Amino acid sequence: MQLNLAPHSRNEREWDRFMRKYRAEMATPENRATLDLLAALSHRTDFSVGCYCSDESRCHRSVLRALLLARGAKVT
């Protein structure tokens with residue numbers, strides 16, 4: 001799975017465009033399978049996802065968290 005860092009969005013329009021592109025990337029069969037695997041693993045072991053973005057609300061991590069939660073992942 002290739003994770004793209006969110007651009008330093010200057011406004012809501014740029015952030016919305018990034019989120020749409022990232023969600024489309026994560027909707028490919030390979031990435032959906034990886035998300036399903038991570039969601040299943042979350043019930044058996046702890047793992048973390050990190051990056052260098054200072055604001056999670058403007059970072060791919062927030063989108064990834066939502067995608068995992070939608071698959072029933074255990075997120076703390």
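Residue numbers run from 1 in the order of the sequence given. Bear in mind that the values here come from a model prediction, so they are computed numbers and not experimental data. All values below were derived from every heavy atom in this structure, side-chain atoms included, with hydrogens, water molecules and symmetry-related copies excluded.
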For a quick test of reading the model, state the closest non-hydrogen atom pair linking W15 to H60 and the distance between them.
CH2-N, 4.4 Å

Please lay out, stage by stage, how M26 and L64 fare under the test side chain to side chain contact (heavy atoms under 4.5 Å, CB included).
CA-CA 9 Å; M26 299 309 286; L64 181 58; 4.3 Å; yes

In one Ile/Leu/Val/Met/Phe/Trp/Tyr side-chain cluster, 4.5 Å: L67, V75
no

Taking every non-hydrogen atom, the tightest pair across V63 and R23
CG1-CG, 3.8 Å

Do C53 and R58 have side chains that get closer than 4.5 Å, going by heavy atoms?
no

Could you give the distance from CD (E30) to CD (E25), rounded to the nearest 0.5 Å?
10.0 Å

From D16 atom CG to K21 atom NZ, the distance as rounded to the nearest 0.5 Å
15.0 Å

Donor-acceptor pairs under 3.5 angstrom involving side-chain atoms of residues 35-48: please list them, not counting sequence neighbours.
| from | atom 1 | to | atom 2 | distance (Å) |
| --- | --- | --- | --- | --- |
| D36 | OD1 | R71 | NE | 2.9 |
| S42 | OG | A39 | O | 2.6 |
| S42 | OG | K74 | N | 2.8 |
| H43 | NE2 | G72 | O | 2.7 |

Hey, could you give me the OH/OG distance between Y22 and S62, rounded to the nearest 0.5 Å?
9.0 Å

